[in-house]
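Let me begin by presenting the structure, written as structure tokens, before commenting on it.
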Amino acid sequence: MIGQKLLQKKCIKWPLIAIGGMFLILFAFYGSIYLGFWGKIPTKNELSSIKQAESSQVLDKDGQLIGKYFIYDRQPITYQDLPKHLIDALIATEDVRFYEHNGVDNVSILRVFFKTILLGDKSSGGGSTITLQLVKNIFGRKDYGAFSIVVNKLKESIAAKRIEEIYTKEEILTQYFNTVPFPDNTYGIESASQKFFNKTTKELTLSEASTLIGSLKANHSYNPRLFPKRSQLRRDVVLQQMVKYNYIATEEADRLMNTNIRLDYQYFDHNTGLAPYFREEVKKELTEILKKHKKEDGSSYNIYKDGLVIYTTLDSKMQLLAEQAMKEHLQDLQKEFENEYGKKAPWKTNNSLLDNTLKKLPLYRRYQELGLSPKQIADSLSNNREMELFEWEGNITKNVSIKDSVQHYLKFLNTGMIAVDPTNGAVRAYQGGIDFRYFKYDHVSQSKRQVGSTFKPFVYTAAIENGMKPCTYFSLKEVTYTNLEDWTPKNSSEEKDPHLNYNLETALSNSINTIAVKVIDQIGVTKVLEQVQKMGINEELPEEPSIALGTGGIKIKELAGAYASYVNQSKSVRPFYITKVEDRNGDLVASFEPEISEKAAFSDYTRQVLLEMMKSTVDNGTAKRLRSTYGLTNEIAGKTGTTQDNKDGWFVGITPKLVTVTWVGNDNYAVGFKSTLQGQGANSALPIFGKLYKRMNDDPTFDAITKSSFEKPSNNVLEDLNCKPEKRDHFLKRLFSKKKKKKKFRNK
């Protein structure tokens with residue numbers, strides 16, 4: 001008996017010792033985690049000021065989101081922005097006892113242990129809570145080898161309990177929704193809502209909310225963009241969970257499960273989406289702004305992480321219409337451009353053009369620095385690889401070399417376009433090129449191209465301002481200027497009658513080169529350049545009479561600012577993009593006022609005369625296709641422009657409340673249009689304006705712009721413009737005049 005009792009005691013003792021030892025080890029293991037031997041666990045103090053990297057938002061003039069700057073696409077919101085059905089969907093699917101536990105749901109853990117582990121019932125659900133998931137979302141997990149799962153889970157449970165002690169359930173839900181990862185590298189419910197449904201979180205329907213909540217189980221596998229059917233099945237599971245826990249009625253769930261998911265997907269990346277050239281220019285300007293503004297602690301702002309809100313001047317609706325107009329026109333123009341050249345296109349036949357372009361590549365220069373010979377470089381640039389190439393009809397993927405790629409892109413016409421409010425310079429629409437993914441060069445803010453005949457209004461402005469009367473007549477006859485190396489300006493059409501004389505309005509509206517040069521000869525180049533400077537153009541322009549024909553290079557945005565003076569009380573403006581910048585808390589970082597010239601650049605009389613002249617350009621002159629082809633009845637003034645050898649096509653459209661400048665040409669100045677018929681500004685650049693205004697006319701949103709009226713000219717102006725547009729030389733003058741006149745240019 002005694003032996004049996006001793007044996008029984010030993011049988012009980014050693015298991016108890018083993019169990020006690022195991023608990024001691026587990027306690028020590030837990031203690032080592034708690035004390036931070038496996039990595040620091042955030043303290044209550046650290047948890048009380050959780051800060052996550054937030055994307056900076058770019059908003060249009062009406063507060064609509066047009067883009068973001070981010071490393072992780074995250075856009076935080078408040079609890080009040082979360083619709084009840086979104087919260088209900090989350091709790092029903094992820095954590096039904098959320099309001100009952102303290103961060104760790106012991107009931108769920110026991111259920112998982114007995115049902116999932118012991119009984120193998122995988123449908124019993126997991127033991128993770130919303131709070132535990134929040135900890136994982138914020139702090140991530142580390143690799144501890146074989147102990148990874150256990151260590152990470154225990155660390156998360158400790159942090160979760162601390163979070164529950166600091167924050168209310170509503171605050172935890174808000175933090176969760178602002179940090180949880182959704183498909184397509186999107187963080188937070190607001191970013192996901194904007195990306196997948198193009199609406200705010202507040203506006204999400206029950207079906208849309210259930211779709212996003214369903215994707216949390218596996219944000220790639222249930223990505224509604226990539227796997228719509230699979231995502232829809234998962235959405236239906238969420239709806240069924242909401243029925244199970246009495247959040248919605250069975251009838252409502254059945255109705256929604258019979259509908260398909262409808263996405264309105266928005267790309268918020270740096271290269272695509274609305275206005276990428278504008279957003280890039282805003283980013284450059286913002287970078288300079290933030291160099292002058294610091295946080296309260298003296299540290300610098302980070303546009304990718306600090307959740308700044310950038311309010312811009314852009315009108316996103318107008319921008320969308322402008323992009324549509326550009327694409328529609330350039331796609332057709334590109335076909336005409338290539339067809340006119342045919343097999344003799346310079347990008348196909350001109351080897352020196354291709355070679356010179358290749359030598360400008362950074363890769364070419366890198367090969368040179370490595371000591372490769374020209375032949376070795378040529379061989380390297382001829383190696384084929386799979387490459388995506390831009391085409392208007394749809395991008396293509398081909399096995400091509402760098403050389404082939406350069407040759408492919410040499411053929412493309414490009415564009416620049418800006419539309420500004422002439423009263424303050426606010427940029428309403430902006431296009432730096434045809435596609436930011438493949439053509440990074442911005443023709444609005446970077447490019448300085450010859451402006452052609454769009455410079456002529458400045459010449460005539462200087463003339464009127466210096467006393468020349470609008471009814472002054474000049475002969476169309478060509479003149480050779482002997483002191484300028486026998487320079488003979490010619491008109492674009494050889495059919496102009498040399499015995500005709502045009503008044504200034506007719507000369508400008510028909511863009512007569514010979515008369516523009518005669519005008520600048522009479523008033524002087526110096527006075528024209530002074531006038532241009534008063535109108536806000538500070539480019540260094542050549543002091544040559546050829547400036548009358550627009551041989552100087554001016555940026556598109558400067559041209560727009562100068563033209564604004566014709567509808568802004570003779571004052572030029574400086575186009576601007578940003579109105580204010582706020583931090584993540586809504587506190588003002590910086591704000592900006594329009595830069596309007598303090599002094600009028602010319603008199604009211606001059607302004608009204610020039611405006612009437614440019615209205616005539618649209619009604620009867622080189623821009624009359626706005627009326628005939630596009631059927632525009634708006635009050636419009638404007639000026640077309642074409643440069644030598646048809647390298648650049650221009651159009652400036654002026655309406656009472658919007659000034660628009662469009663340019664079209666090839667990035668490589670060696671490639672121009674083959675003929676003036678196709679390359680003239682009226683054919684290459686004007687249609688973008690025409691197509692834009694047709695769209696704006698169809699949208700009542702723009703009535704304030706499209707239905708606005710110009711100021712009425714004074715009686716004095718109307719009287720001074722009241723003369724015959726042209727007159728012929730009298731008989732004797734025609735009889736005895738020489739074929740070509742020679743003279744000296746008076747003011748070089």
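All values below come from the heavy atoms of this structure, side chains included, with hydrogens, waters and symmetry mates left out.
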From [X] atom [atom1] to [Y] atom [atom2], the distance as rounded to the nearest 0.5 Å:
X    : Y    : atom1 : atom2 : answer
T676 : N646 : OG1   : CG    : 3.5 Å
M614 : Y563 : CE    : OH    : 6.0 Å
D355 : Y364 : CG    : OH    : 7.5 Å
I554 : N538 : CD1   : CG    : 10.5 Å
N666 : N414 : CG    : CG    : 8.0 Å
E386 : E388 : CD    : CD    : 10.0 Å

Task: D60 and Q319: CA distance, side-chain angles, deciding distance, side chain to side chain contact (heavy atoms under 4.5 Å, CB included) verdict - done: CA-CA 10 Å; D60 80 344; Q319 176 71 23; over 6 Å; no

Provide the closest heavy-atom pair for [X] versus [Y] in the form atom of the first, atom of the second, distance.
X    : Y    : result
L658 : T660 : CD2-OG1, 3.8 Å
T349 : K343 : CG2-O, 3.5 Å
I418 : P575 : CD1-CB, 4.3 Å
P489 : T514 : O-CG2, 3.6 Å
E543 : T526 : OE1-OG1, 4.0 Å
L508 : T617 : O-OG1, 4.1 Å

TODO: For a side chain to side chain contact (heavy atoms under 4.5 Å, CB included) with W650, tell me which candidate from T640, I556, T642 qualifies.
DONE: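 Testing each of T640, I556, T642 against W650, the sole residue satisfying side chain to side chain contact (heavy atoms under 4.5 Å, CB included) is I556.
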
- [ ] Could you check V661, V451, I537, V532 and say which one makes a side chain to side chain contact (heavy atoms under 4.5 Å, CB included) with E558?
- [x] I537

Looking just at side-chain N and O atoms, do [X] and [Y] make a donor-acceptor pair shorter than 3.5 Å?
X    : Y    : result
S511 : T622 : no
S445 : K284 : no
D521 : Y481 : no
K456 : N513 : yes
Q450 : Q644 : no
D486 : T480 : no
K294 : S300 : yes

Main chain of [Y], side chain of [X]: is a donor-acceptor contact present, judged purely on distance under 3.5 Å?
X    : Y    : result
Q531 : V459 : no
R449 : Y669 : no
S55  : R74  : yes
R365 : K360 : yes
N683 : Q678 : yes
R385 : V400 : no
D442 : Q446 : no
Q431 : A322 : yes
T454 : G641 : no
Q680 : L677 : yes

Check this for me, if you would: do [X] and [Y] make a salt bridge, where the nitrogen-to-carboxylate-oxygen distance has to be below 4.0 angstrom?
X    : Y    : value
K691 : E328 : yes
D645 : K647 : no
D184 : R225 : yes
D379 : K375 : yes
R366 : E369 : no
K411 : E340 : no

Quick check on the 6.0 Å ring-centre criterion: do [X] and [Y] meet it?
X    : Y    : value
Y630 : Y693 : no
Y222 : F227 : no
F390 : H408 : no
Y187 : F182 : no

Open item on the list: Quick one, R428 with K61, criterion side chain to side chain contact (heavy atoms under 4.5 Å, CB included). Give me CA distance, side-chain angles, the key distance, then yes/no.
Closed with: CA-CA 8 Å; R428 301 306 188 200; K61 72 179 185 68; 3.5 Å; yes

- [ ] Please test Q266 against L65 for side chain to side chain contact (heavy atoms under 4.5 Å, CB included), starting from the C-alpha separation and ending with a verdict.
- [x] CA-CA 11 Å; Q266 304 295 309; L65 182 68; over 6 Å; no

How about [atom1] on [X], more than 12 heavy atoms from neighbouring residues, nucleotides or ligands closer than 6.0 Å, or not?
X    : atom1 : value
K305 : NZ    : no
E393 : CD    : yes
L226 : CG    : yes
R574 : CZ    : no
E391 : CD    : yes

Open item on the list: Just to verify, which of K68, E54, K195 counts as forming a side chain to side chain donor-acceptor pair (under 3.5 Å) with Q75?
Closed with: K68

- [ ] For K624, enumerate each residue passing the side-chain contact (heavy atoms from CB on, under 4.5 Å) test, keeping only those at least two apart in sequence or located in another chain.
- [x]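 Counting only residues at least two positions away or on another chain, K624 forms no side-chain contact (heavy atoms from CB on, under 4.5 Å).
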
Task: Among K555, K448, K557, salt bridge (Lys or Arg N to Asp or Glu O under 4.0 Å) partner for E539 - done: K448

Open item on the list: For the residue pair K440 and F436, would you count it as a cation-pi contact if the rule is NZ or CZ under 6.0 angstrom from the ring centre and within 45 degrees of the ring axis?
Closed with: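 Geometry flag: set, cation within 6.0 Å and 45°.
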
TODO: Quickly, which of Y430, Y277, F592, Y311 forms a ring-ring contact (aromatic ring centres under 6.0 Å, His included) with Y577? Name it, please.
DONE: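 Of the listed options, the one satisfying the test is Y430.
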
Task: Sub-4.5 Å side-chain heavy-atom contact between W392 and L333 - done: no

- [ ] Name the orientation class of the two ring planes belonging to Y409 and F412 (parallel below 30°, tilted from 30 to 60°, perpendicular beyond 60°).
- [x]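 Geometry flag for F412 against Y409: tilted rings.
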
TODO: Would you check, one step at a time, whether the test side chain to side chain contact (heavy atoms under 4.5 Å, CB included) holds for F278 with V444?
DONE: CA-CA 9 Å; F278 178 80; V444 172; over 6 Å; no

